[in-house]
Amino acid sequence: MEKFLIRGGVPLQGSVRVSGAKNSVLPILAAGLLGDSPLMVQNVPRLVDVVTMIKLIDKLGAKVRVGVENEDCQCQFDDASDPLRNEQSLEKLIDLVCSTQENAPLCLSIDASVLHNRDEGLVAPYELVKTMRASILVLGPLLARFGEAKVSLPGGCAIGSRPVDLHIKALKQMGAEIQIADGYINAKAPNGLKGARICFDQVTVTGTENILMAAALAEGETVLENAAREPEIVDLANCLRAMGAEIEGDGTALIRVKGVKSLKGTQHRVIADRIEAGTFLCAAAATRGSVILEQVDPAALDVVLLKLEDAGAIISTQGNQISLDMQGNRPKAVDILTAPHPGFPTDMQAQFMAMNSVAEGTATIVEKIFENRFMHATELNRLGAQIKINGSTATVKGVETLTGAPIMATDLRASASLVIGALAAEGQTEIHRIYHIDRGYEHIESKVRLLGGRIERLKA
Ligand code: UD1
């Protein structure tokens with residue numbers, strides 16, 4: 001187990017490159033299972049969730065290779081002459097992804113032309129799914145292309161019950177036979193999936209992605225109503241289109257997919273991680289600093305940037321760059337109400353709570369997506385924050401200074417908020433259970449250090 005030791009109170013200053021988006025790369029890697037030829041994915045971040053997805057795809061019998069991008073964004077594999085045929089062991093792949101020396105983005109090639117483990121059944125086992133709920137994203141592709149899949153039920157997680165009933169209901173509407181037994185979703189579509197009209201009862205991001213991928217190879221047209229509109233959905237749709245899929249309307253609540261007989265591999269560059277970007281902006285705002293983020297899409301952060309401006313930040317954007325300057329000032333409290341895109345992202349709620357903890361004034365934060373996503377509040381209170389929770393509403397009375405204390409991370413975005421709280425606090429903070437943060441932030445401590453933050457990773 002590892003922990004962070006943070007000595008706070010220093011304004012973050014400088015510039016940092018934003019990594020590829022976790023929530024894009026996971027569905028796009030799963031989409032690799034749909035292709036008859038290799039899919040090359042670029043701008044892949046070095047994350048534990050990426051390792052889990054590689055393990056899963058490898059377990060299903062597809063060939064995965066990992067290379068590193070050079071400065072011209074060209075992929076370089078160990079054996080440049082034949083990147084797809086030269087085998088790399090799973091251990092080697094994982095070492096490459098986890099290497100802390102390197103900062104260059106990775107590229108991954110997934111060759112699912114043949115799944116070598118088909119006779120073992122196409123199983124996403126509990127051991128992998130329990131560590132990453134997004135493993136459910138292999139269900140749609142496997143069912144659509146191979147007519148079968150067995151995926152462990154993800155179960156609950158720290159931020160709420162998070163069922164997958166909407167994924168299952170939609171696949172059933174497309175003709176899949178699905179039984180739940182022994183904690184597994186057993187799905188079959190011996191005669192292939194059929195296009196259908198799917199109206200999601202609730203907006204679901206991975207649900208929309210699963211059905212988008214399934215519909216790409218289904219017979220006839222599928223219409224998705226009340227679909228999620230996140231930029232990561234558009235990124236997945238762009239990748240699927242380049243693979244030969246016929247998709248219209250992604251980025252809106254109504255998506256139409258005309259099924260095709262087969263999909264081929266392509267080369268696709270993953271979009272920037274808007275949540276990682278937002279996290280660094282909040283950290284700079286909370287510490288009264290000024291940062292420049294490189295290789296990011298400002299449009300994907302629209303509502304987050306507006307809220308930071310409300311908090312008193314001077315924001316300017318140019319091309320794929322965002323800069324934020326607090327001019328040494330304390331942030332002002334800003335109210336937050338989370339909602340599906342284009343509303344305020346639930347994945348940024350915890351970081352804004354940390355910033356509000358040191359803001360001038362009192363903020364109300366309402367969490368509408370997940371029922372139990374305030375666990376960071378009690379930990380921030382250990383740093384001296386004044387946060388009161390009442391159901392899905394948090395009231396944050398800003399204090400002039402937080403002070404360091406030992407605290408514990410409970411989930412991915414909660415951990416990011418604790419890093420922000422600790423960077424803003426006077427004195428020394430130890431954050432325990434930081435394995436959560438490595439799931440979704442690439443080398444966070446190197447990036448924080450680049451901005452002048454004092455953070456060390458230590459053995460716990
Ligand atoms: C995705 C993101 C996650 C983000 C979340 C909401 C990925 C890999 N993860 O998670 O970072 O916090 O969107 O923006 O992209 N629900 C059901 N039944 C279902 C599916 C969802 O009731 O079958 C509910 C959930 O419990 C939740 C809400 O719908 O209350 C939204 O969840 P959903 O959008 O599905 O979240 P994920 O796709 O798991």
Asker: Atom OG1 in Thr52, atom CD1 in Ile57: separation rounded to 0.5 Å?
Answerer: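 Taking OG1 in Thr52 and CD1 in Ile57, the distance rounds to 11.0 Å.
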
Asker: Do Lys169 and Phe200 have side chains that approach each other closer than 4.5 Å (heavy atoms only, starting at C-beta)?
Answerer: no

Asker: Checking side-chain contact (heavy atoms from CB on, under 4.5 Å) for the pair Arg269/Glu69: CA distance, chi angles, key distance, verdict?
Answerer: CA-CA 11 Å; Arg269 197 167 179 79; Glu69 282 186 19; 3.1 Å; yes

Asker: Sequence neighbours left out, what pairs pass ring-ring contact (aromatic ring centres under 6.0 Å, His included) with at least one residue falling in residues 333-363?
Answerer: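 For residues 333-363: Phe344-Phe352.
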
Asker: With a 4.0 Å cut-off on N to O distance, would you call Asp347 and Arg373 a salt bridge?
Answerer: yes

Asker: In plain terms, say whether Arg457 and Asp438 are close enough for a salt bridge, that is, a side-chain N and a carboxylate O under 4.0 Å apart.
Answerer: yes

Asker: Where is the tightest heavy-atom contact between Leu240 and Ala31, given as atom of each residue plus distance?
Answerer: CD2-CB, 4.0 Å

Asker: Does Lys55 pair with Glu127 as a salt bridge, N-O distance under 4.0 Å?
Answerer: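 Salt bridge between Lys55 and Glu127, a charged N being under 4.0 Å from a carboxylate O: no.
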
Asker: With a 4.0 Å cut-off on N to O distance, would you call Glu248 and Lys258 a salt bridge?
Answerer: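 So Glu248 does not pair with Lys258 through a salt bridge.
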
Asker: For a quick check under 3.5 Å, do Asp411 and His376 share a side-chain donor-acceptor pair by atom type?
Answerer: no

Asker: Taking Arg17 as the fixed residue, which of Glu294, Glu442, Glu276 is the one that meets the salt bridge (charged side-chain N to carboxylate O under 4.0 Å, His left out) rule?
Answerer: Glu442

Asker: Tell me, with the steps shown, if Met53 and Asp49 meet side-chain contact (heavy atoms from CB on, under 4.5 Å).
Answerer: CA-CA 6 Å; Met53 195 50 110; Asp49 273 6; over 6 Å; no

Asker: Compare all side-chain heavy atoms of Leu412 with those of Lys22 and state whether any distance is below 4.5 angstrom.
Answerer: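 Answer yes - side chains close enough.
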
Asker: For the pair Glu456 and Arg7, find out whether any cationic side-chain nitrogen is under 4.0 Å from an anionic carboxylate oxygen.
Answerer: yes

Asker: Is there side-chain contact between Leu224 and Leu254, with at least one heavy-atom pair below 4.5 Å?
Answerer: no

Asker: Start with the C-alpha distance between Ser357 and Ile387, add both sets of side-chain angles, then the distance that settles side-chain contact (heavy atoms from CB on, under 4.5 Å), and finish with yes or no.
Answerer: CA-CA 8 Å; Ser357 298; Ile387 306 167; 3.8 Å; yes

Asker: Taking atom NE2 of His436 and atom OG1 of Thr410, what is their separation to the nearest 0.5 Å?
Answerer: 6.5 Å

Asker: Once you round to the nearest 0.5 Å, how far does CG of Asn210 lie from CG of Leu166?
Answerer: 11.5 Å

Asker: With rounding to the nearest 0.5 angstrom, report the CD1 to CD1 distance, Ile6 to Ile420.
Answerer: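 It is 10.0 Å, given to the nearest 0.5 Å.
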
Asker: Going by atom type alone, with no hydrogens or angles, which donor-acceptor pairs under 3.5 Å involve a side-chain atom of residues 388-406 and a protein atom two or more places apart or on another chain?
Answerer:
| residue | atom | partner | partner atom | Å |
| --- | --- | --- | --- | --- |
| Glu400 | OE1 | Arg330 | NH1 | 3.2 |

Asker: Got Phe4 and Ile437 here, is their nearest side-chain heavy-atom distance under 4.5 Å?
Answerer: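 Touching, per the 4.5 Å side-chain cut-off.
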
Asker: Side chains of Val164 and Ile185: does their closest heavy-atom pair fall under 4.5 Å?
Answerer: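 Yes, side chains in contact.
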
Asker: To the nearest 0.5 angstrom, please state how far the CD atom of Gln318 sits from the CD1 atom of Ile292.
Answerer: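 Rounded to the nearest 0.5 Å, the CD-CD1 separation comes to 10.0 Å.
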
Asker: Check whether any side-chain heavy atom of Thr266 sits under 4.5 Å from a side-chain heavy atom of Leu39, and report yes or no.
Answerer: yes

Asker: Under the criterion side-chain contact (heavy atoms from CB on, under 4.5 Å), which of Leu458, Thr429, Ile455 is the partner of Leu5?
Answerer: Leu458

Asker: Evaluate the side-chain proximity of Met353 to Ser417: yes if any heavy-atom separation is below 4.5 Å, no if none is.
Answerer: no

Asker: Output, in order, the C-alpha distance, side-chain angles, deciding distance and verdict of side-chain contact (heavy atoms from CB on, under 4.5 Å) for Glu445 and Arg449.
Answerer: CA-CA 6 Å; Glu445 70 271 33; Arg449 273 200 295 268; 3.9 Å; yes

Asker: Do Ile198 and Met174 come within less than 4.5 Å of each other through their side chains, counting heavy atoms only?
Answerer: yes

Asker: Starting from the C-alpha separation in whole Å, work towards a yes-or-no answer on salt bridge (Lys or Arg N to Asp or Glu O under 4.0 Å) for Glu232 and Arg274.
Answerer: CA-CA 10 Å; Glu232 292 77 17; Arg274 62 196 167 101; 2.8 Å; yes

Asker: Considering all heavy atoms of both residues, which atom of Val303 and which atom of Pro342 are nearest to each other, and what is their separation?
Answerer: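 So the two residues come closest at CG1-O, 3.9 Å.
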
Asker: From Ile369 CD1 over to Thr338 OG1, what is the distance, rounded to the nearest 0.5 angstrom?
Answerer: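 Spacing of CD1 (Ile369) from OG1 (Thr338) equals 5.0 Å.
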
